[in-house]
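Data first, discussion second: the structure below is written as structure tokens.
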Amino acid sequence: MSYNHGSIDAKWQAAWAKAQIFRAQDDSPKEKYYVLVEFPYPSGAGLHVGHPRSYTALDIVARQQRMLGKNVLFPMGWDAFGLPAENYAIKTGIHPSVITKENIDNFRRQLKAIGFSFDWSREVNTTDPAYYKWTQWMFLRFFKAGLAYKSTMAINWCPKDKIGLANEEVVGGKCERCGTAVEKRDKEQWMIAITKYADRLIDDLDTVDYLPKIKKQQVDWIGRSEGAEIDFAVVDSQEKITVFTTRPDTIFGVTYLVIAPEHPLVESLTTSEQRDTVHSYIASVATKTDMERGDDTKAKTGAFTGSYVINPANHERVPVWIADYVLGHYGTGAVMAVPQHDERDLAFAQTFNLPIVDRPLISFADALAKTGGKKTVQYKLRDWVFSRQRYWGEPIPLIHCDHCGWVPVPDDQLPVLLPDVANYQPTDNGESPLASIDSFVNTKCPTCGGDAKRETDTMPNWAGSSWYFLRYIDPNNNNEFASAEKLKHWLPIDLYNGGMEHTTLHLLYSRFWNKFLFDQGLVPTSEPYARRHSHGLIMSEDGTKMSKSVGNVINPDDIVNEFGADTLRVYEVFMGPFEEPVPWSTNGVVGVRRFLDRVTKLPDFIAPAESPDVTKALHKTIKKVSEDITNFRFNTAVAAMMTFVNTVFEQGSITKPSLLTFLAILTPFAPHVGNEVNEALGGTSLMEAGNWPTFDPALIVDSEVTIAIQVNGKLRSSLTVALDLPESSLVTQAQSDPNVAKFLISPIKKTIVVPNKIVNFVI
RNA sequence: GCCGCGGUGGCGGAAUGGUAUACGCGACGGACUCAAAAUCCGUUUCCCGUAAGGGAUUGAGGGUUCGAGUCCCUCCCGCGGCACCA
């Protein structure tokens with residue numbers, strides 16, 4: 001048979017849709033298996049070849065699990081709020097929902113063309129009011145639990161465009177659109193207290209199966225460190241400065257104190273002589289990012305406040321400086337400097353000629369006792385800034401009343417719909433475009449009925465993606481975000497895959513969100529994901545990042561049209577180790593297509609009997625592919641299948657049952673080809689209805705093994721001998737091998753034998 | 001800069017501390033063909049050698065071990081993240 005992908009792809013995709021075989025059953029007696037991929041942001045550029053890497057891998061898992069008899073939930077949806085659609089609207093005036101719908105339709109078409117076994121009946125869309133109603137409802141649970149609060153935070157502000165900018169829109173400290181230097185501007189923002197969950201977010205990692213590097217990165221991001229807060233009294237003042245230190249044992253080596261330029265006491269500590277110096281220093285820091293401030297390769301900067309404090313341990317008088325290497329949002333925004341024990345303090349002391357003293361350490365407890373300090377725990381993790389001054393996001397469902405304060409919109413009035421606006425440009429004063437719609441803003445207080453105003457900030461797109469996996473479980477429920485019974489049936493997610501780049505934000509936010517819902521009694525498990533894997537990025541052929549602006553983006557449509565969906569699928573997982581970034585190679589695609597062409601020729605080799613080598617190879621391949629799928633080593637699984645096909649070509653024959661067995665393990669990778677070859681062999685049912693094959697351990701045992709013979713660890717010869725040959729006869733044979741004997745020039749001190757592997761003579 | 005991950009043939013990569021370079025690409029040779037493409041068969045880490053064989057080799061340097069791509073230390077380079085891109 002020949003492989004005409006153009007007709008084959010469409011034919012089997014239609015057959016799957018008709019049979020509805022990928023629908024998850026809520027009431028099946030089969031064991032459940034919930035496999036999840038991160039849902040995409042439907043960008044205008046369409047699907048990128050990076051998307052199908054993860055989708056193919058988990059599609060293989062989902063298809064294998066179905067063949068193993070599981071009731072599989074493998075859903076897909078759209079994380080569709082976000083900046084690009086809004087910026088497009090600002091430019092063109094076209095409503096973001098219009099372009100979003102077009103993009104989603106395009107993404108859906110592209111995904112269907114690759115033959116993924118998603119349950120399309122459960123599609124969710126974060127911008128659908130029936131969906132964001134529940135995002136808003138959940139936000140109100142945070143609010144009512146006291147975890148949502150207002151705080152002043154700095155935003156990026158372009159003074160020319162008069163709008164707030166996302167970090168991504170700030171390039172080298174300048175506004176991406178107009179090039180004007182970006183300023184920091186304080187703004188009242190809604191925050192969510194994720195730090196209250198910091199300990200559990202670390203400790204509960206012990207209960208889940210994540211790749212070790214994912215756990216490590218989350219732990220480091222949360223950055224728990226135990227230390228102490230110690231008060232230093234300010235000389236000639238009622239004020240005191242509280243420092244956080246992980247090294248209270250070094251207290252005798254303190255020669256100065258440093259506070260962050262944002263520290264609330266800066267003004268009161270600055271003496272009149274130092275005022276100009278301090279002010280100009282603070283102005284110079286204002287445009288720097290935390291990254292620039294933390295750069296240890298640059299010279300330290302700072303300014304003396306003119307004030308002194310008393311070291312509570314030895315009552316020495318030490319000066320107070322401000323310096324940007326101390327960050328206002330970490331710890332207490334103040335540190336005690338010990339140049340003797342800290343490299344950054346040392347560098348600062350050397351720069352400003354501050355004393356460096358050599359004093360003995362004392363014990364942690366002893367220090368605390370001497371200073372009246374208290375033990376505390378600090379986290380690098382910061383609370384979640386939940387406000388955006390943007391249009392294309394979920395409205396925050398709160399109302400401000402002068403009498404009652406912030407009042408939640410009653411549940412029965414949700415969702416607070418995004419109103420249409422005439423202009424998507426944020427307002428001059430930094431408010432969201434919603435602030436200019438009087439009919440939206442002006443409302444009545446739900447509590448007292450008086451005049452009140454709606455919150456006009458919207459939520460970050462992390463909101464909708466923090467709980468989408470719950471909605472897939474019961475996507476059309478109008479009364480609850482999902483029924484408790486169904487949640488209990490499907491949770492936790494058995495396997496979740498996404499990009500490494502989502503490890504510290506989305507993955508952490510969604511774990512936190514789920515834990516909160518768990519505490520509220522709304523979901524049955526404290527952790528949403530039982531197992532988490534990550535994939536690496538696909539780079540362009542030259543190893544650089546694919547980007548629309550460079551024009552080196554590969555569109556999966558082109559690969560599907562030219563080589564077929566299965567070629568794309570198999571190449572996506574064959575190209576390299578799943579977790580690592582890999583460059584795209586169109587030559588590599590050709591090789592996969594050749595492999596699939598060879599598969600379609602296998603029926604020509606069908607014979608009543610096959611060589612034992614083919615039988616052995618088949619069982620080894622079943623074992624290898626089964627293990628490799630479990631271990632996310634899809635590249636070597638494909639290599640094993642290639643090796644098997646090569647074996648059949650070499651041996652020239654295969655029985656029909658063996659070929660059908662091979663097709664069963666191939667089908668999750670190449671479902672169109674698997675079904676087509678099966679049909680050519682007279683099969684009348686879908687391959688997806690079959691079972692995952694098992695291997696016979698007796699059939700994969702080799703009767704002979706090749707043993708490496710080494711002298712002093714250097715390979716000198718090799719021997720092919722019977723399996724489990726007794727050590728003594730093996731050593732005798734090895735010693736008499738001429739290529740070995742000539743190197744045994746001095747007496748053998750030691751002989752190391754690794755059974756069925758190696759003999760090493762040490763002389 | 002800080003945190004995390006990685007570095008193996010001409011290229012993508014494979015390898016429970018035990019024969020480095022599986023599988024694929026490319027290249028070269030052969031078969032088929034009037035010819036080409038496609039396909040099939042073979043060779044292919046590098047150096048010396050007709051061969052047998054020998055030597056070198058997993059970013060650089062050092063260490064542990066009978067034995068190191070794999071473990072440890074120092075350094076170099078690349079990738080991801082750094083909280084308002086998703």
Side-chain angles (χ1 to χ4, degrees), chain A residues 38-41 43 79 81-84 153 155-156 164-170 189 194 211-214 216-221 223 289-298 325 329 380-390 460-462 465 499-506 508-509 534 536-537 539 541 543 545 571 574-577 579-592 594-595 597-598 601 633 635-636 638-643 646 649-650 706-718 739 742 749-752 754 757-763:
Chain A
E38 285 174 351
F39 63 165
Y41 174 76
S43 75
D79 186 15
F81 277 127
L83 266 191
M153 296 295 297
I155 62 166
N156 302 307
L165 299 175
N167 286 346
E168 199 193 42
E169 298 173 297
V170 180
Q189 308 264 39
I194 188 173
L211 288 182
K213 65 176 174 184
I214 297 176
K216 187 95 178 32
Q217 212 166 306
Q218 288 214 341
V219 169
D220 288 351
W221 178 260
T289 64
D290 283 1
M291 248 180 282
E292 288 164 339
R293 289 172 55 166
D295 192 337
D296 286 342
T297 58
K298 302 241 169 66
Y325 77 96
H329 53 71
K380 289 211 178 77
L381 181 70
R382 315 207 286 259
D383 276 344
W384 182 359
V385 184
F386 205 72
S387 289
R388 299 290 183 274
Q389 292 73 46
R390 290 286 181 167
N461 59 345
W462 308 110
S465 62
M500 269 316 285
E501 70 276 16
H502 292 128
T503 301
T504 52
L505 297 179
H506 160 67
L508 201 65
Y509 288 143
S534 279
L537 282 182
M539 320 293 282
E541 302 225 15
K545 213 169 165 173
Y571 179 66
F574 179 62
M575 62 195 301
E579 289 146 34
E580 303 297 328
V582 236
W584 180 265
S585 161
T586 299
N587 281 338
V589 175
V590 171
V592 168
R594 285 208 270 257
F595 161 64
D597 278 330
R598 280 158 77 90
K601 288 181 184 137
R633 306 174 54 94
N635 54 332
T636 53
V638 173
M641 290 189 284
M642 287 173 166
T643 305
N646 291 347
F649 269 63
E650 275 159 34
T706 305
I707 313 272
I709 315 298
Q710 302 177 334
V711 178
N712 282 352
K714 243 182 184 336
L715 181 71
R716 292 305 175 186
S717 185
S718 62
N739 285 328
K742 70 182 183 192
K749 280 201 281 195
K750 199 171 165 189
T751 304
I752 288 150
V754 181
K757 283 251 162 88
I758 258 184
V759 176
N760 185 15
F761 297 109
V762 184
I763 61 169

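Labels below follow one simple rule: chain letters A, B, ... track the order of the sequence lines, proteins then strands, and each chain is numbered from 1.
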Under 4.0 Å between any heavy atoms, over every strand shown, what does [X] touch: base, sugar-phosphate, or nothing? Just pick one.
{"X": "A/V754", "answer": "base"}
{"X": "A/T706", "answer": "base"}
{"X": "A/K757", "answer": "base"}
{"X": "A/D597", "answer": "nothing"}
{"X": "A/K749", "answer": "nothing"}

What does nucleotides 81-86 of chain B look like as a protein-contact string, B for base, S for sugar-phosphate only, - for none, at under 4.0 angstrom between heavy atoms? SBBBBB
Summarise protein proximity over nucleotides 20-33 of chain B in one line of letters, 5' to 3': B for base, S for sugar-phosphate only, - for none, counting protein heavy atoms closer than 4.0 Å. --BBSSS-------
Write down the distance between NZ (A/K216) and C1' (B/C2), rounded to a whole number of angstrom. 12 Å
How many Å lie between CG on A/N739 and C1' on B/A51, as a whole number? 14 Å
Within the structure provided, determine whether [X] and [Y] are in side-chain contact (heavy-atom separation under 4.5 Å).
{"X": "A/E579", "Y": "A/L211", "value": "yes"}
{"X": "A/V589", "Y": "A/W584", "value": "yes"}
{"X": "A/M500", "Y": "A/I214", "value": "yes"}
{"X": "A/M642", "Y": "A/F574", "value": "yes"}

Measuring only the [atom1] atom in each nucleotide, how far is [N] from [M]? A whole number of Å is fine.
{"N": "B/A83", "M": "B/C75", "atom1": "C1'", "result": "32 Å"}
{"N": "B/C79", "M": "B/C47", "atom1": "C1'", "result": "34 Å"}
{"N": "B/G7", "M": "B/C41", "atom1": "P", "result": "33 Å"}
{"N": "B/A31", "M": "B/A36", "atom1": "P", "result": "11 Å"}
{"N": "B/C84", "M": "B/G78", "atom1": "P", "result": "28 Å"}
{"N": "B/G6", "M": "B/G12", "atom1": "C1'", "result": "15 Å"}
{"N": "B/U58", "M": "B/U8", "atom1": "P", "result": "11 Å"}

[N]: pairing nucleotide in any strand, Watson-Crick or G-U under 3.5 angstrom:
{"N": "B/G26", "result": "B/U44"}
{"N": "B/G18", "result": "B/C66"}
{"N": "B/G6", "result": "B/C77"}
{"N": "B/A38", "result": "none"}
{"N": "B/A51", "result": "none"}
{"N": "B/G1", "result": "B/C82"}

Name all residues meeting the side-chain contact (heavy atoms from CB on, under 4.5 Å) criterion together with A/P40; count only those two or more places apart in sequence or in a different chain, and write none if there are none. A/H51, A/Y55, A/M76, A/W78, A/F107
Within 90° of 0 counts as syn, otherwise anti: where does B/G9 fall? syn
Working for salt bridge (Lys or Arg N to Asp or Glu O under 4.0 Å), residues A/E501 and A/K545: CA-CA 14 Å; A/E501 70 276 16; A/K545 213 169 165 173; over 6 Å; no
Taking [Y]'s backbone N and O only, do any of them form a donor-acceptor pair with [X]'s side chain (distance below 3.5 Å, no angle check)?
{"X": "A/N739", "Y": "A/R716", "value": "no"}
{"X": "A/Q217", "Y": "A/T504", "value": "no"}
{"X": "A/Q710", "Y": "A/I758", "value": "no"}
{"X": "A/E292", "Y": "A/T289", "value": "yes"}

Can a side chain N or O of A/K213 be found less than 4.0 Å away from OP1 or OP2 on B/G4? no
Would you call the rings of A/Y509 and A/W384 parallel, tilted or perpendicular, taking 30° and 60° as the class edges? parallel
